[in-house]
Amino acid sequence: MLPVLVVHGGAGHVPEEYQQSVLAGVRAAVREGYAILQGQGSAMDAVVAAVTLLENNPSFNAGLGSVLNAKGDVEMDAIVMDGRDLTSGAVSAVKRLANPVQLARLVMDKTIHLCLTGEGANQFAREMGVPEVPEESLITDYSRMRWKKNLAPDANLVESLMGKMGTVGAVAVDAMGNIACATSTGGLPNKMEGRVGDTACIGCGGYADNKVGAASPTGHGEAIMKVVLARLILFHMEQGCSTEVAADKALAYMKERVGGVGGVVVVDPQGGWSARFSSRQMVWAAGQQNTLHFGLHAGEHFTQSTDDPN
């Protein structure tokens, strides 16, 4: 059953005209990361590669294509976690970076800290030789349009979040049985400057533990943080639940307790995996045993060969 990689491209409602592009995006991300696993690469390398590809795709709310904050700027969050020893790295409210997930990995690999934020994170990026990109290069016409719409006094930012392709993430188990996760986001549309959501918070926007599994959520960050969603899913797995049951229990609790909806991709050490959501849709894809699985709507599950380029 090993190796396995599962990715998501956000929970909510994907407008019909974007559905094929987001499905193509997650399939491409799986092919990228799964090829690394097939070559005996690490779970960490695979999830970072998959998320990097999604950050570079303007169809998603991460990296290029990130939503704008109240000022009309891009501020991004990302996290990685290594299930071997629970090391993690995260960045929050970073600007002018094409791939925040790669900076999160540098935080994990090159510092004694778990999370750097704002200008401090950008200063660290400069020290590490990570090039900055022009702010405008991260902003799509779609994100600018949605930002202007959300300036209306009666705009509902949470509903707006659920109307766009969202946060991206990946979980993997490699051929050695090591587990990792990575998550990246542009955050909540028209958020206050400096707002940090679940993605950069360990146990909320991601968690990986070789003894249990890994989870990468997507949805309304404040709701995810209140229930510590990623770690809650792993708690249910520790109690003997499958990836699917654990995800469903945690998502149901988040909805019942704090009124939050979202989705998650999950793996266990044996190669079991699930992509579950309580939102209208969640775009996801997985690679296992040379088969690529993918879907968008509830109950949808398509397959093709991982060698199929389309």
Side-chain angles (χ1 to χ4, degrees), residues 1-8 10-11 37 42-44 46-47 79-88 90 108 114 167 169-183 197-279 282 284-289 293 295 298-299 301:
M1 298 291 284
L2 300 179
V4 59
L5 170 74
V6 195
V7 309
H8 68 74
L37 296 176
S42 71
M44 179 58 68
V47 295
I79 192 169
V80 298
M81 188 166 182
D82 191 327
R84 293 178 299 176
D85 54 6
L86 307 187
T87 53
S88 180
M108 179 180 72
L114 261 67
T167 295
V171 291
V173 190
D174 61 31
M176 300 296 292
N178 293 316
I179 296 174
C181 71
T183 312
D198 67 291
T199 294
C201 300
I202 190 170
C204 299
Y207 203 82
D209 183 345
N210 274 17
K211 294 183 177 181
V212 190
S216 172
T218 173
H220 180 208
E222 279 72 9
I224 290 171
M225 294 165 83
K226 288 174 184 177
V227 301
V228 197
L229 184 62
R231 191 62 187 84
L232 178 60
I233 291 167
L234 266 64
F235 166 77
H236 288 309
M237 291 168 65
E238 288 172 325
Q239 308 311 303
C241 293
S242 66
T243 57
E244 181 174 323
V245 171
D248 286 349
K249 277 190 173 186
L251 289 169
Y253 177 75
M254 183 172 74
K255 189 171 185 178
E256 174 265 325
R257 191 71 176 88
V258 299
V261 297
V264 65
V265 291
V266 191
V267 291
D268 67 27
Q270 291 74 43
W273 62 272
S274 292
R276 306 294 293 174
F277 52 98
S278 56
S279 53
M282 182 181 79
W284 63 271
Q288 185 178 49
Q289 296 181 312
H293 309 254
H301 190 147

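Side-chain atoms are counted along with the backbone in the values below, which use heavy atoms only and exclude waters and symmetry mates.
- Ala46 is linked by a side-chain contact (heavy atoms from CB on, under 4.5 Å) to Ile36, Leu37, counting only residues two or more places apart in sequence or in another chain.
- Atoms CG and CE, from Asp82 and Met108 in turn, are 5.5 Å apart once rounded to the nearest 0.5 Å.
- Ring planes of His301 and Trp273: tilted class, angle from 30 to 60°.
- Side-chain contact between Asp209 and Leu86: present, with at least one pair of heavy atoms (C-beta onward) separated by less than 4.5 Å.
- In this structure, Val266 and Ala247 approach most closely via the heavy-atom pair CG2-CB, 4.1 Å.
- Val267 is not listed as a side-chain neighbour of Thr243, based on a closest heavy-atom distance of 4.5 Å or more.
- Among residues at least two apart or in separate chains, side chain to side chain donor-acceptor pair (under 3.5 Å) pairs with a member in residues 172-183 are Asn178-Asn210, Thr183-Ser216.
- In this structure, Val265 and Val7 approach most closely via the heavy-atom pair CG1-O, 3.7 Å.
- Among all heavy-atom pairs drawn from Ala214 and Cys181, the shortest one is CB-CB, 4.3 Å.
- Proximity of a side-chain donor or acceptor of Thr167 to a complementary backbone N or O of Gly10 within less than 3.5 Å is not detected.
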Inset, instruction - Any chance you could lay out the side chain to side chain contact (heavy atoms under 4.5 Å, CB included) test for Leu229 and Asp198, step after step, and finish with the verdict? - result: CA-CA 9 Å; Leu229 184 62; Asp198 67 291; over 6 Å; no
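- Val261 places none of its side-chain heavy atoms less than 4.5 Å from the side chain of His220.
- Rounding to the nearest 0.5 Å places CD1 of Ile233 at 12.5 Å from CD of Glu244.
- Between the side chain of Ser88 and the backbone N or O of Leu114 there is no donor-acceptor pair closer than 3.5 Å.
- Listed here is the closest heavy atom pair of Ala200 and Ala90: O-CB, 3.4 Å.
- To the nearest 0.5 Å, atoms NZ (Lys249) and CG (Leu232) are separated by 10.0 Å.
- For the atom pair Met44 CE and Arg84 CZ, the distance stands at 7.5 Å (nearest 0.5 Å).
- Nearest heavy atoms, Cys204 versus Met225: SG-CA, 3.9 Å.
- Under the side chain to side chain donor-acceptor pair (under 3.5 Å) criterion, His236 pairs with no residue, sequence neighbours left out.
- A 6.0 Å sphere centred on CZ of Arg231 holds more than 12 heavy atoms belonging to other residues, nucleotides or ligands.
- Taking the side chain as every heavy atom from C-beta outward, Met1 and Val173 never approach each other to under 4.5 Å.
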Inset, instruction - Might you work through the side chain to side chain contact (heavy atoms under 4.5 Å, CB included) test for Ile79 and Ile202, ending with a clear yes or no? - result: CA-CA 8 Å; Ile79 192 169; Ile202 190 170; 4.2 Å; yes
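- In this structure the side chain of Val264 never reaches within 4.5 angstrom of the side chain of His8, judged on heavy atoms.
- A distance of 12.0 Å separates CG of Asp268 from SG of Cys241, quoted to the nearest 0.5 Å.
- Of all non-hydrogen atoms in Leu234 and Tyr207, the two that sit nearest each other are CD2-CD2, 3.5 Å.
- Taking CH2 from Trp284 and CZ from Arg276, the interatomic distance works out to 10.0 Å, rounded to the nearest 0.5 Å.
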